[in-house]
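Heavy-atom basis, side chains included; hydrogens, waters and symmetry copies ignored.
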Amino acid sequence: MPFCFRGFELFQPHYPSSFDGSAMAWSAGWSGTPRLVQAFARACPRYPRYQHRSLTSKTLGIVKDTLPLVAEAGTDFTSHFYKRMFAAHPELLNTFNLANQSQGKQQKALFSAVAASAVNVLEHGTLPLELIEGVNHKHCALNVIPAQYDVVGEHILGTIDDKFAPGQEVLDAWAELYGALAGHCVKREEELYKEAESKPGGWRGVRKFSLAEKVVRSSVITEFTFKPVDGKPICSYSPGQYTTIWVYPKGTDKRQPRHYSLISEPGSDHITIAVKKESGGLVSPFLHDRTAVGDEFDFSPPFGSFSVEGAQALWTKDPDAPVVLLSAGVGITPMLSMLGTLKNGAQASERPVLWLHAAENGRQHAFRDYITGLARAHPDDVLRRVWYNSPNPDDVMGSDNRAPFHFTGMMDLAQVKDLLPLDKENALYYFCGPLPFMKSIGGQLLEMGVQRILGNG
């Protein structure tokens, strides 16, 4: 019987970033109880070449028997984990998303990742590599290092012991499972680090950039352009990838990282991001209201598994392969880079692109003029349709490619079914936006028989 975790969606979590010098002091010795340290050390001695196939049938049986306990605990389990870890290492608050912590998103994400890994190993004998790949990219954007996996492992085991007191055999089994996951991540992330720093204009860690321009794109979205302080080139990246900015926002003395999709064309002498001002947020209001041209910020290299890169081979073989780009709200940002590459970049062609976007209204519809202009420049191969959930009185609805918007309410693909390339087996569908939008669009596409989809929530 498959395991089911109701109410916990699988999405990419934000994990801790690199430690500073003071934090490295504890990497050689743990503060946990001796038996927890021994269990973890036995299962994953610094992750030499640990892989999930090393898991024994005994370990799998123990994990299967105890997984329902973890599932029943839900986010109470991960909330306890974070409280435990922060109490032992408060310096980690400098590299966690404090807004997500306060809203419970981080706890939910970690539980999802742990549950998905356990279920996948039990049901299929493998780790959920597709989910983990996105996590690996996030870890690299946050400069995660192997020593941090020791800390996480210690406190996951400590949480199991605190909540359930299951005995040493169970702790050993979960340590072995975590060791498999951590071993894969450490190896994969080192590959990604080397790939990022070996590119012309690439780097490892953080690099200083200066704010060169701010442009208001809607009532809630502002565009920010940065140039490297050292004046050197910037490495190329795949459309749809993101960068990570590190700031000290007003109201906290903690350093905060945030990931934002890159909307500038690869190969530029600058990087550009678009930031939605989130009510109650820490970083986005700071960027909108308290930054000025000339301010300097640290940036991580571009990362992200959500890009058009994986589809390039198909497009090279089949230049007529249609692409459908679906987005809602600030989810438009990775699509901008993709559309620009498809129509203006080195791989530009006349392949058909269907652009579908949902916004609250015209004042919150960012980059409308840019997309409309691009569609006007490519009248035969760029078709756009837009939904406004609550149009303003001055928003004008129309039916052609030049209209500001075309439908009211939430995005309903049945309204554009005749425009979707449902008869094309090589068509690709990319979608990005808030989680409810992702669930809705994913469900609609599957109901229509679409198989080749890639989403990023």
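A 6.0 Å sphere centred on CE of M410 holds no more than 12 heavy atoms belonging to other residues, nucleotides or ligands. Within 6.0 Å of atom NZ in K227, 12 or fewer heavy atoms from other residues, nucleotides or ligands are found, so the atom counts as exposed in its surroundings.
Between V247 and F297 there is a side-chain heavy-atom pair separated by less than 4.5 Å. Residues K138 and V135 are not in side-chain contact: their nearest non-hydrogen atoms beyond the backbone lie 4.5 Å or more apart. Counting only heavy atoms from C-beta outward, the side chains of V152 and F81 approach each other to under 4.5 Å. L262 places none of its side-chain heavy atoms less than 4.5 Å from the side chain of T333. Residues R363 and D394 have side chains in contact (heavy-atom distance under 4.5 Å, counting atoms from C-beta outward). No side-chain heavy atom of H406 sits under 4.5 Å from any side-chain heavy atom of W387. The shortest distance between side-chain heavy atoms of L413 and Q415 does not fall below 4.5 Å. Taking the side chain as every heavy atom from C-beta outward, N136 and L192 approach each other to under 4.5 Å.
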Can L428 and V324 be said to form a side-chain contact (heavy atoms from CB on, under 4.5 Å), step by step? CA-CA 6 Å; L428 288 170; V324 182; over 6 Å; no
How far apart are the C-alpha atoms of Y430 and M338, what are their side-chain angles, what is the distance that settles it, and do they pass the side-chain contact (heavy atoms from CB on, under 4.5 Å) test? CA-CA 10 Å; Y430 289 83; M338 291 182 175; 3.9 Å; yes
Can you check ring pair (Phe, Tyr, Trp, His ring centres under 6.0 Å) on F226 and F299, steps first, answer last? CA-CA 10 Å; F226 302 86; F299 277 85; 4.8 Å; yes
From CA spacing to verdict: side-chain hydrogen bond (donor to acceptor under 3.5 Å, both in side chains), Y260, S284: CA-CA 11 Å; Y260 294 110; S284 61; 5.4 Å; no
For S210 and E296, what are the C-alpha separation, side-chain angles and deciding distance, and is it a side-chain hydrogen bond (donor to acceptor under 3.5 Å, both in side chains)? CA-CA 4 Å; S210 175; E296 295 184 357; 5.2 Å; no
Trace of the side-chain contact (heavy atoms from CB on, under 4.5 Å) decision for T159 with F77: CA-CA 7 Å; T159 299; F77 178 90; 3.6 Å; yes
Does S327 form a side-chain hydrogen bond (donor to acceptor under 3.5 Å, both in side chains) with W355? I'd like the steps, not just the answer. CA-CA 8 Å; S327 58; W355 175 273; 5.3 Å; no
Where do V353 and D381 land on the side-chain contact (heavy atoms from CB on, under 4.5 Å) test, with the steps shown first? CA-CA 6 Å; V353 176; D381 46 271; over 6 Å; no
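When all heavy atoms of P301 and G205 are compared, the closest pair comes out as CD-O, 3.4 Å. Residue C185 comes nearest to I132 through the heavy atom pair SG-CG2, 3.8 Å, listed as atom of the first residue, atom of the second, then distance. Residues P228 and I234 share a closest heavy-atom pair of CD-CD1, 3.7 Å. What you find for T244 and P257 is that their closest heavy atoms are CG2-CB, 3.9 Å. Residues A274 and V330 approach most closely at O-CG2, 4.2 Å, considering heavy atoms. Here the shortest heavy-atom pairing between N401 and T372 reads O-CG2, 4.4 Å.
With hydrogens and angles ignored, the 3.5 Å screen pairs a side-chain donor or acceptor of N120 with a backbone N or O of T126. For the pair T75 (side chain) and T78 (backbone), a donor-acceptor distance under 3.5 Å is absent. Using modelled atom types, no side-chain atom of S337 and backbone atom of P334 make a donor-acceptor pair closer than 3.5 Å. Checked by atom type and distance alone, the side chain of Q241 pairs as donor or acceptor with a backbone atom of G304 at under 3.5 Å. No side-chain donor-acceptor contact under 3.5 Å links N392 to the backbone of N361. One N or O on the side chain of S300 and one on the backbone of A141 form a donor-acceptor pair closer than 3.5 Å. Although no hydrogens or angles enter the test, the distance criterion places no donor-acceptor pair under 3.5 Å between the side chain of Y429 and the main chain of G442.
For the atom pair CD1 of I263 and OG1 of T225, the computed distance is 7.0 Å after rounding to the nearest 0.5 Å. Interatomic distance, C432 SG to I441 CD1, rounded to the nearest 0.5 Å: 12.0 Å. Once rounded to the nearest 0.5 Å, the distance linking CZ of R385 with CG of L420 reads 11.5 Å. Note: K194 NZ to C140 SG = 12.0 Å, rounded to the nearest 0.5 Å. Atoms CG and NZ, from L282 and K250 in turn, are 12.5 Å apart once rounded to the nearest 0.5 Å. Of the inter-residue distances, the one linking F407 atom CZ with S399 atom OG reads 9.0 Å to the nearest 0.5 angstrom.
Between R207 and D230 there is a salt bridge, since a side-chain N of the basic residue sits under 4.0 Å from a carboxylate O of the acidic one. The pair K277-D289 meets the salt-bridge criterion, with a side-chain N (NZ, NE, NH1 or NH2) lying under 4.0 Å from an Asp/Glu carboxylate O. Salt bridge status for E223 with K214: absent, with no side-chain N to carboxylate O gap under 4.0 Å. Remark: D400 engages R402 in a salt bridge, criterion side-chain N to carboxylate O under 4.0 Å.
Ring planes of W203 and F209: tilted class, angle from 30 to 60°. Ring geometry, F405 versus Y388: the interplanar angle falls under 30°, so the pair is classed parallel (tilted spans 30 to 60°).
Considering only residues two or more places apart in sequence or on other chains, R204 meets the side-chain hydrogen bond (donor to acceptor under 3.5 Å, both in side chains) condition with E190, E197. With sequence neighbours excluded, the residues forming a side-chain contact (heavy atoms from CB on, under 4.5 Å) with S440 are Q444, listed by chain and number. Under the side-chain hydrogen bond (donor to acceptor under 3.5 Å, both in side chains) criterion, D298 pairs with K208, sequence neighbours left out. Every residue was checked against the side-chain hydrogen bond (donor to acceptor under 3.5 Å, both in side chains) condition with Y193, not counting sequence neighbours, and none meets it. Partners of D269 according to the side-chain hydrogen bond (donor to acceptor under 3.5 Å, both in side chains) rule, which considers only residues two or more places apart in sequence or in another chain, do not exist here.
Evaluated for a ring-ring contact (aromatic ring centres under 6.0 Å, His included) with Y149, the options H139, H155, H184 yield exactly one hit, H139.
With no hydrogens or angles considered, no side-chain donor-acceptor pair links S305 and H137 at under 3.5 Å. Side-chain contact of T222 with H288: a donor-acceptor pair under 3.5 Å is present, judged by distance alone.
Identified under the ring-ring contact (aromatic ring centres under 6.0 Å, His included) test for residues 261-281, with sequence neighbours left out: none.
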